[in-house]
Amino acid sequence: MEAPAPTNANRQRSLAEKSIQPDVATAADVATAANVAGPACGGGLFAPHVSPIGRALLGWYRSGNRDLPWRRTRDPYAIWVSEIMLQQTRVEAVLPYYQRFLERFPTVEALAAAPEQDVLSAWSGLGYYSRVRNLHRAARQVAEAGRFPRTYDEILALPGVGEYTAAAIASIAFGLPHAVLDGNVLRVMARLHADFGDIGAQATRKRLRDQAQRDLPHQDAGDYNQALMELGATVCLPRDPRCLLCPLSESCRARAEGLQHQLPTKLRRAPMVAVETTLLVVTRHCAEISAKEVLLWQRHGSHRMSGFWDLPEAHMLPGAALGATLRTFRHSIMNHAHRCQVMAAQVEEAPPGFRWIPRSQLPHLPLSTMTRKALRDLLGA
DNA sequence: AAGACGGGGCC
DNA sequence: GGCCCAGTCTT
């Protein structure tokens with residue numbers, strides 16, 4: 001019982017928002033409308049109508065789900081942070097970052113007040129760094145406004161918050177009846193309804209979102225959404241659907257026809273591009289501070305990974321004296337497969353745009369993972 | 001509608 | 001090496 005029953009005010013607000021929902025009226029809508037119209041029903045004396053699928057899903061979810069830190073809070077800020085981190089990122093990858101980030105920036109005001117470099121540094125390694133820049137911007141907006149947005153439309157208006165995240169925050173933090181549509185829900189819905197449409201196409205996504213919305217129990221929107229995602233993450237797996245463990249197997253059309261392995265349909269995909277990269281580790285010993293320094297440059301502007309520090313590539317320092325090859329490694333970024341060669345090098349002085357960074361500073365800087373790999377030996381103790 | 005945007009884990 | 005992941009924003 002971690003989630004308190006939605007208040008009557010919540011239900012009123014939900015109804016008011018129905019107009020922005022593209023779905024058609026369903027039995028669940030009618031049931032909710034009846035509850036709001038009638039006397040307040042405390043303690044679930046008059047249980048609203050819940051579809052068989054919604055009931056099965058909630059029963060399964062509540063009988064045991066993963067104990068995740070963002071499921072232990074009702075703080076909209078904490079839930080918001082978790083949802084941004086979880087965009088295109090696995091739960092296991094998020095866990096170590098989430099706790100640390102919230103300890104460092106425990107409130108939206110703390111995040112708003114923090115310098116950009118600190119925020120980037122706390123996100124460093126998680127990827128998709130525009131997420132954290134938008135999160136930071138949004139935190140400043142919220143702090144400025146003095147209140148956290150409380151409707152789907154207000155939440156959606158925050159930078160970095162799209163339809164998925166707005167529905168997730170609205171339902172999980174505020175109990176509003178908005179179905180989420182993420183990769184998990186897409187897969188579960190495509191199988192459940194044996195829908196062979198390309199899940200990258202808008203028409204298919206709208207169809208599947210409507211299906212998810214149709215079975216959403218308006219009193220338990222947050223748990224329903226999390227149950228659907230939990231099902232996709234632990235049972236309705238991409239390659240190996242565990243239909244024998246699935247609470248929806250009786251209702252699943254793909255399962256009935258033995259098509260679960262052929263769904264969902266995904267069409268487009270960018271071809272990989274091979275890239276040869278030579279990174280230079282240029283060091284010097286600074287007598288003044290009696291420390292080893294390394295030559296780095298910082299990305300600026302609206303380009304990718306703005307604010308991050310990088311090693312120079314060989315073509316950036318045509319005058320450098322190249323030394324030994326320190327190591328080689330592979331690193332893939334999106335559809336670019338880098339083969340990286342790390343070489344020692346020397347320069348007379350730092351060229352324009354470059355700075356000498358003391359080795360002790362490295363752990364506190366925003367560094368891409370490719371740079372971390374190249375600097376492994378200098379980053380260690 | 002198509003591209004860009006990180007990184008890691010799995011086969 | 002390809003696929004997938006609690007997506008969003010910009011052309």
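Residue numbers start from 1 in every chain, and the chains themselves are labelled A, B, ... in the order their sequence lines are given, proteins ahead of strands. Below, all heavy atoms of this structure are taken into account, side chains as well, without hydrogens, waters or symmetry copies. Values in this document were obtained by computation on a predicted structure and should not be read as measured data.
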Indicate, with a heavy-atom threshold strictly under 4.0 Å, whether [X] touches base, sugar-phosphate, or nothing.
X	result
A:R66	base
A:G232	nothing
A:M305	sugar-phosphate
A:S130	nothing
A:W70	base
A:V161	sugar-phosphate
A:E230	nothing
A:L68	base
A:L126	base

Strictly below 4.0 Å: does [X] bring a side-chain N or O up to OP1 or OP2 of [N]?
X	N	result
A:K266	C:dC5	yes
A:Y129	B:dG7	yes
A:Q88	C:dG7	yes
A:R187	C:dC5	yes
A:T165	C:dT8	yes

Restricting to non-hydrogen atoms, name the atom on A:T283 and the atom on A:W356 that form the minimum distance, rounded to 0.1 Å.
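Result for this residue pair: C-CZ3, 3.9 Å.
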Which atom of A:L263 lies closest to which atom of A:A194, heavy atoms considered
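Minimum heavy-atom separation between A:L263 and A:A194: CD1-CA, 3.9 Å.
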The side chain of [X] lies closest to which of these nucleotides: [options]?
X	options	answer
A:Q202	C:dG7, B:dG7, B:dA1	B:dA1
A:R239	B:dC11, C:dG7, C:dA6	B:dC11
A:V91	C:dA6, C:dG7, B:dG8	C:dA6
A:N184	C:dA6, C:dC5, C:dG7	C:dA6

Between the side chains of A:E293 and A:R359, is the shortest nitrogen-to-carboxylate-oxygen separation below 4.0 Å, so that they form an ion pair?
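Result for this pair is no, no salt bridge flagged.
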N-O pairing of A:E154 and A:R147 below 4.0 Å
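Yes.
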Can you find a donor-acceptor pair, distance only, under 3.5 Å between [X] side chain and [N] base?
X	N	value
A:Y128	B:dG6	yes
A:T89	B:dG6	yes
A:R90	C:dC4	yes

Can you tell me if A:K292 has over 12 outside heavy atoms packed within less than 6.0 Å of its NZ?
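Counting other residues, nucleotides and ligands, NZ of A:K292 stays at 12 neighbours or fewer.
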Between C:dC5 and B:dG6 - C1' atom distance, rounded Å:
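To the nearest whole Å, 12 Å.
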Does NZ or CZ of A:R131 come closer than 6.0 Å to the centre of the six-membered ring of A:Y128, within 45° of the ring's axis?
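Geometry flag: not set, cation outside 6.0 Å or 45°.
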